[in-house]
Each structure stands twice: as C-alpha cells, then as structure tokens.
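For ligands, and for the atoms within them, numbers begin at 1 and follow the listed sequence.
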Amino acid sequence: MLIKTPRGWEIPESQATPETVFLDRRRFLTGMAIGGAAAAAPVGLSAPAWAAKGEVDPTADLYPVPQNLRYRLDRPVTDEEDAITYNNFYEFGSHKRIHRAAQSLNLRPWQVKIDGMVEAEMTVDIDDLIRRMPLEERLYRHRCVEAWSMAVPWSGFPMKALVDMAKPLSGAKYVTMETFKDASVASGQKAFWYPWPYLEGLTIEEATNDLAFLVTGAYGKPVPKQMGAPLRLAVPWKYGFKSIKSIVRFSFTDQRPVSFWEQIQAKEYGFWANVNPEVPHPRWSQATERVLGTGDRVPTLLYNGYGEFVADLYKGMEGKERLFL
Ligand SMILES: Nc1nc2c(c(=O)[nH]1)N[C@H]1C(S)=C(S)[C@@H](COP(=O)(O)O)O[C@H]1N2
Ligand SMILES: [Mo]
C-alpha cells in the first residue's frame with residue numbers, strides 16, 4: 001500500500017497541531033510583544049548570564065520562520081534551557097558545560113567557502129547566504145552516539161539549496177564540511193592530539209536528501225554559539241557527531257572524507273554512522289537512549305525514526321558497508 005506523507009503545506013491548518021501549539025509560550029510572547037522590532041533587540045534583558053552582552057545578531061529580524069509540518073515529533077520538544085546548556089563542542093572542552101566558554105566565538109565577520117569539484121569556487125558572507133536561503137523551522141530529534149537524545153525546533157534551510165548554489169561537477173560524490181579553526185578563541189583546539197579542524201562529510205545523495213538541514217536558528221531565534229552558530233548541520237538519522245557545528249567550508253570531492261572522529265577512532269565512529277539500536281557501539285549498547293531534560297529511557301529507533309525519508313539511500317548496501325557504526 002502506498003501511503004503518501006503530506007507535505008507540510010498540504011496539511012490543513014485544523015490538523016496543524018499539537019506541533020504548532022508547541023510554538024512555545026516564551027517564543028510566542030516574545031514574538032507578540034516585540035514583533036519585527038525584535039530585530040534590533042540585543043541579547044540583553046532576558047538573556048542568561050552567560051550570554052555575550054550587547055551582541056546583536058544581524059539576522060535576528062528573520063526569526064521566527066514558518067514551520068514545515070512535514071517533520072513531526074513523537075515526544076515533546078526539549079526544554080530550551082536544557083538544550084542550550086548541555087552540549088558537545090570539543091573546540092570548547094571535552095565535557096558538556098561549554099556554553100560559557102563558547103561565548104568567546106566571534107560570529108562576524110563569518111565567511112563560508114565553497115570549493116573543490118564545483119563549477120566555480122566561491123566565498124559567501126554568512127549574512128548574504130542566510131538571507132538568500134529559504135528559511136523554515138523543523139522539529140527534529142537528535143540522537144548522540146553517547147545514547148542521550150533531544151528534540152529541537154531548528155530553523156534553517158535544506159542543504160540541497162546550498163548544493164544547488166554550489167553547482168558541483170558531475171564527478172563529485174561527497175561533500176566535506178569543516179568547522180572554524182582558531183585556538184585563540186577555542187581553547188579545546190590547543191589539544192594538539194586532536195586532528196583540528198573538526199571535519200565531517202556526506203555523500204551528495206545524503207546532502208541533497210530532504211532531511212539534511214543546515215541550521216541557522218533554534219527555538220525561534222538565531223542559533224546560540226554553543227549549538228554551532230552561525231551555521232550548523234542537522235542530519236537527524238545519523239549519530240549526533242555527524243551534525244558538524246560552526247561550518248566555514250563545504251568542499252566537493254570524489255574521495256570519501258575521513259571525519260574528525262573517524263581519524264581518532266575508526267572502529268567506533270564510521271563514515272555512515274546511521275542510527276541503529278541493534279548495532280552496539282563497541283563500548284555500550286545503542287538499544288535505548290536517555291531523553292535530555294526528563295531523564296526518561298526510551299527505545300532507540302532505526303535511522304532514529306526517519307527511515308521513511310532515508311532508507312532508500314542505503315538500499316542494497318546492507319551488509320556490504322558498515323552503515324551503522
Ligand atoms: N565542530 C563540532 N561539531 C560538533 C561537535 C563538536 O565537538 N565539534 N560535536 C558533535 C556531537 S558529538 C553532537 S552530539 C552534537 C551536539 O550538538 P548540541 O551541542 O547542539 O546538542 O554536535 C556535533 N557537532
Ligand atoms: Mo554526540
């Protein structure tokens with residue numbers, strides 16, 4: 001039987017709940033209270049103590065963005081405070097409480113280089129990029145390889161839009177992404193035994209799949225530094241380490257990239273890293289996950305529950321490739 005998943009815009013408004021209702025009170029009230037003027041509002045007043053004072057995000061006027069209702073959650077959105085204070089960002093330390101340290105990251109000027117096997121290499125300013133891309137909000141689950149998970153309202157644009165802009169040559173098979181490298185702001189990068197910069201990669205088919213999303217915002221605002229501002233990947237069917245933060249470069253290539261974590265420990269962190277509860281990490285089970293905020297233990301799903309969108313990408317590869325490690 002063929003079951004058609006309605007696109008977000010095909011869902012009548014009467015059905016656009018309860019996900020729409022989540023448009024959490026905080027955000028709703030902010031939106032109502034300041035409206036478009038939120039653009040000029042510095043992170044101040046209601047900002048947490050660790051937030052950089054007086055810093056204005058030049059794209060703040062763009063948020064909130066319309067929600068794409070095609071992507072639905074089976075659990076509540078993670079409390080914002082929990083999501084923004086429990087992070088993996090090794091550039092700022094190898095523990096979870098890096099949100100303060102991450103505030104030293106300078107977000108402007110920020111340029112994104114697109115190079116390698118493309119029609120013409122280019123460098124784009126982040127503000128030009130964000131303003132020309134079709135922004136939308138998506139509620140995605142996130143499953144870290146360490147067996148904790150969260151659900152986040154990301155804002156951003158389909159990665160396909162960036163690939164289309166880049167015009168890769170027909171021989172390009174992969175896109176490699178790199179995080180900034182500057183040990184003067186990111187003290188974690190002084191750890192010389194890690195292969196900085198952080199690097200990740202996808203096949204072009206993965207990068208142009210509907211689900212691959214480039215994040216510019218979260219919780220209806222520009223994405224905070226600790227979550228990978230100003231541009232971060234979200235590939236929710238893969239373990240969290242694939243979702244590289246604070247990207248400065250997209251490189252198109254015919255060679256499969258070897259990611260940061262694969263360089264460190266290939267036996268534990270492979271290229272594909274698709275979520276699978278039945279394939280244990282060499283040091284722990286992946287059968288269940290701890291939900292950030294509530295601490296509940298819930299079963300982990302194949303492809304983190306996104307099989308309907310991505311299983312076709314891997315047809316015929318089962319067994320041949322280490323798809324799930
Ligand atoms: N540059 C960079 N990107 C990164 C990481 C990192 O250490 N550095 N950690 C990854 C891991 S392991 C996870 S689980 C997610 C965490 O995202 P969050 O902090 O927004 O929850 O970011 C991923 N992207
Ligand atoms: Mo992770």
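In the model, Q189 has no side-chain atom that pairs as donor or acceptor with a side-chain atom of Y198 under 3.5 Å. Side-chain contact check for E136 and N68: at least one donor-acceptor pair (N or O, by modelled atom type) lies under 3.5 Å. A donor-acceptor contact closer than 3.5 angstrom links the side chains of Y314 and W237.
Comparing K242, R232, Q226 by heavy-atom distance to atom 20 (O) of ligand 1, the nearest is R232. When the options F180, Y239, Y198 are ranked by their closest heavy atom to atom 10 (C) of ligand 1, first place goes to Y198.
Here the heavy atom of the protein found nearest to atom 24 (N) of ligand 1 is S243 O, 2.8 Å. For atom 18 (P) of ligand 1, the closest non-hydrogen atom on the protein side is K245 NZ, 3.4 Å. Of the protein's non-hydrogen atoms, H142 NE2, 3.2 Å is the one closest to atom 14 (S) of ligand 1. Taking atom 8 (N) of ligand 1 as the reference point, the nearest protein heavy-atom neighbour is E91 OE1, 2.8 Å.
In the hydrophobic clustering of ILVMFWY residues, with side-chain heavy atoms under 4.5 Å counting as a link, M227 and V235 come out together.
Numbered from 1 in the order shown, with element, the atoms of ligand 1 that lie under 4.0 Å from a heavy atom of F241 read 10 (C), 11 (C), 12 (S). For ligand 1, the atoms sitting less than 4.0 Å from at least one non-hydrogen atom of T179 are 1 (N), numbered in the order shown with element in parentheses. Close contacts of ligand 1 with C144, meaning ligand atoms under 4.0 Å from a residue heavy atom, involve 14 (S). Heavy-atom contacts of M227 reach the following atoms of ligand 1: 20 (O) (cutoff under 4.0 Å).
The pair R322-E262 does not meet the salt-bridge criterion, since no charged nitrogen lies less than 4.0 angstrom from a carboxylate oxygen. Salt-bridge annotation for R141 and D74: present, with a side-chain N of the basic residue lying under 4.0 Å from a carboxylate O of the acidic one. Under 4.0 Å is where a charged nitrogen must lie from a carboxylate oxygen, and between K96 and E146 at least one such pair does. D210 and R70 are joined by a salt bridge, as a carboxylate oxygen and a charged side-chain nitrogen come within less than 4.0 angstrom of each other.
Among I126, D128, L214, D125, the single residue meeting the side chain to side chain contact (heavy atoms under 4.5 Å, CB included) criterion with V112 is I126.
Among the atoms of W261, none of the N or O lies under 3.5 angstrom from an N or O of ligand 1. The distance criterion of under 3.5 Å between nitrogen or oxygen atoms is met by Y90 with respect to ligand 1. Residue contacts with ligand 1: W148 is placed with no nitrogen or oxygen under 3.5 Å of a nitrogen or oxygen of the ligand (distance criterion only).
At a 4.0 Å heavy-atom cut-off, ligand 1 does not touch W196 at all. Under 4.0 angstrom from ligand 1, the non-hydrogen atoms of N87 come from both its backbone and its side chain. When non-hydrogen atoms are compared, ligand 1 lies under 4.0 Å from neither the backbone nor the side chain of E146.
Using 4.0 Å as the threshold, S246 has no heavy atom nearer than that to any atom of ligand 1.
Between I244 atom CD1 and R249 atom CZ the span is 11.5 Å, to the nearest 0.5 Å.
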